[in-house]
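Here the structure is a predicted model, which means the values were calculated and not measured. Here is how names work: the chains are called A, B, and so on, in the same order as the sequence lines, proteins then strands, and each is numbered from 1.
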Number of protein chains: 2
Amino acid sequence: MEILIAEDEIQIAEPLRKNFLEEGHHSMIAADGQQALQMLEKVKFDIILLDWKMPKLSGLEVCRMVREKGDSTPILLLTALTQISNKVEALNAGADDYITKPFSFDELYARVKAIRRRFNIEHDALEHDLISMNLLDRKVQSKNGKLIELTEKEFDLLKHFIINKGIIISKEKLCQSVWGLNFVPQTNVCEVTVKNLRKKIEEVTGKKYVKTIYGEGYILIDE
Amino acid sequence: MEILIAEDEIQIAEPLRKNFLEEGHHSMIAADGQQALQMLEKVKFDIILLDWKMPKLSGLEVCRMVREKGDSTPILLLTALTQISNKVEALNAGADDYITKPFSFDELYARVKAIRRRFNIEHDALEHDLISMNLLDRKVQSKNGKLIELTEKEFDLLKHFIINKGIIISKEKLCQSVWGLNFVPQTNVCEVTVKNLRKKIEEVTGKKYVKTIYGEGYILIDE
DNA sequence: AAGAATTATGAAAAGTTCTTCATTATTTGG
DNA sequence: CCAAATAATGAAGAACTTTTCATAATTCTT
């Protein structure tokens, strides 16, 4: 993910950046609201973290301005205040969630992932690391913007992998959800389709996401 | 559409039924809340009209019970009361809209269509008379439950027709939105695809929706 | 380390969809 | 009503997708 951290206190922003990097996400730090808006002009972020109290423009103001522009990038407001009225104010300004300082990175990261999940469901999208699938027009893209041209079967296969990311999928399950069969066919259609899918994905992303678990099935892993 | 009219005053319910029928929609009348619930068990309606004041179970109660069952069929509450608090109460009970008596049929019908539109957008669906398209799984169904198996091009074509229902679509527009071309090709791909789409639709629905406007293009009409 | 089971792969075959083409039918304006 | 323009149609051909098959590579068991 590409994350914008708008936070004037560097002792908060910098550890966040490092933690996100360890999780495999790139982030940029904006020292104030104005700078945040500038960066938003140039870069398309996956999520925006806004400190409520910032020099020049508050996080709440930035949030409102982003929404007024019609930008629906997920926004998470960070704040020291705890009143419920603030939460309401945040949501009214168009923020997706609200977290009170101090918070652990794990706590923040869980929220970020939850917001992304919600956002994707709303947009009929699925994503996995560098891959994003649009379920409506059935287009698959790499995060570098390159299209991954998949056939119907390959698309269904990838969709099933992403929905079940991190868990082993048996060939039975695969046949059922992609081919609509209640048995494993005598031929090796699954294997062939997996092969072709793997090839197309690697050509664009350079990564090997689909692992084989000998005697058990396949699994989609993070890298 | 299949409409449930839950209204104890027959002098209100019956004219509604007739008006809907003239517009080509079938409706059933329930004389009280309990009867309404019973009918909801058996029939799948496209929209439910609930009178607020009804014997046995009020419209508001029926509304709540329907939602508790997890049924998300659009609900429109009809009422004589005008207070804003009622509107809030209605929406909180899970109703989609609220209309105050007395109302003209046109007024009601406009609301009904608006609610349906919203509902379809939320569900990534499109409909036209007997046809309903699911944009997510790309399945097309007739209201009698029969599947209409379309190829990709035919699907895109139908989608474009339904989105632009009632207006003439030139071949230029068609080529652009279905074939991604900025010109009309030398061949007659459009005509051929239109032919095949027409055939499949008529086979299942028995209706001729796609009309030709000589020298201008095509138009999707209501019947 | 060898044999059996499982998985991967290239290429051919089968099945679909999409496009083209030649011909027929329909519509419109004069 | 006729000729020209436009649209419809069946069938062939091209392009693409899906499946099958034979063979190679890998993994597991002992």
field: Interface limits on DNA chain D, where chain B has a heavy atom under 4.0 Å of a nucleotide atom
entry: dA5(D) to dG10(D)

- prompt: Of all of residues 176-204 of chain B, which get a heavy atom below 4.0 angstrom from DNA chain D, listed by number?
  reply: Asn188(B), Glu191(B), Val192(B), Lys195(B), Arg198(B)

task: Run the numbers on Lys69(B) and Glu41(B) for salt bridge (charged side-chain N to carboxylate O under 4.0 Å, His left out), then give the verdict.
output: CA-CA 11 Å; Lys69(B) 283 194 301 175; Glu41(B) 293 281 318; 3.6 Å; yes

query: Does the side chain to side chain donor-acceptor pair (under 3.5 Å) test come out yes or no for Asp106(A) and Ser104(A), once each step is laid out?
result: CA-CA 5 Å; Asp106(A) 288 348; Ser104(A) 69; 5.4 Å; no

Test item: Lys200(A) side-chain N/O and Glu149(A) main-chain N/O as donor-acceptor pair under 3.5 Å: yes

message: At 10 degrees resolution, what angle do the end axes of the helix from dA1(C)-dT30(D) to dG30(C)-dC1(D) form when each is taken over five base pairs?
response: 30°

- prompt: In Å and rounded to the nearest 0.5 Å, what is the CD to CD1 distance from Glu202(A) to Ile148(A)?
  reply: 11.5 Å

query: For the residue pair Tyr109(B) and His25(B), does the interplanar ring angle fall in the parallel (under 30°), tilted (30 to 60°) or perpendicular (over 60°) class?
result: tilted

message: Looking at every heavy atom in both Tyr209(B) and Thr205(B), which two are closest together, and how far apart are they?
response: CE1-OG1, 3.8 Å

task: Apply the side chain to side chain contact (heavy atoms under 4.5 Å, CB included) test between Leu220(A) and each candidate in Ile169(A), Ile162(A), Ile163(A); give the one that qualifies.
output: Ile162(A)

query: Per the salt bridge (charged side-chain N to carboxylate O under 4.0 Å, His left out) rule, which among Lys165(B), Lys113(B), Arg116(B) passes with Glu127(B)?
result: Arg116(B)

- prompt: Where do Ile47(A) and Phe119(A) land on the side-chain contact (heavy atoms from CB on, under 4.5 Å) test, with the steps shown first?
  reply: CA-CA 10 Å; Ile47(A) 188 158; Phe119(A) 182 84; over 6 Å; no

field: CG-CD1 distance between Leu16(B) and Ile10(B), expressed to the nearest 0.5 angstrom
entry: 10.0 Å

message: Please check this pair: side chain of Asp46(A) against backbone of Glu2(A), looking for a donor-acceptor N/O pair closer than 3.5 Å.
response: yes

task: Pull out every residue in residues 151-174 of chain B that has a heavy atom closer than 4.0 Å to any atom of DNA chain D, ordered by number, or say none.
output: Lys171(B)

Side-chain heavy-atom pair Ile201(B), Phe161(B) within 4.5 angstrom cut-off: no

task: Report yes or no: does His128(A) contribute a side-chain atom to a donor-acceptor pair with the main-chain N or O of Ile221(A) at less than 3.5 Å?
output: yes

query: What heavy-atom pair brings Ser72(A) and His123(A) nearest, and what distance separates the two atoms?
result: OG-NE2, 4.0 Å

task: Sorted by first residue and then second, give each salt bridge (charged side-chain N to carboxylate O under 4.0 Å, His left out) pair with at least one member in residues 169-186 of chain B; sequence neighbours left out.
output: Lys171(B)-Glu191(B)

At a cut-off of 3.5 Å, list every protein nitrogen or oxygen paired with a nitrogen or oxygen from nucleotides 25-30 of chain C, distance to 0.1 Å.
| from | atom 1 | to | atom 2 | distance (Å) |
| --- | --- | --- | --- | --- |
| dT27(C) | O2 | Tyr214(B) | OH | 3.1 |

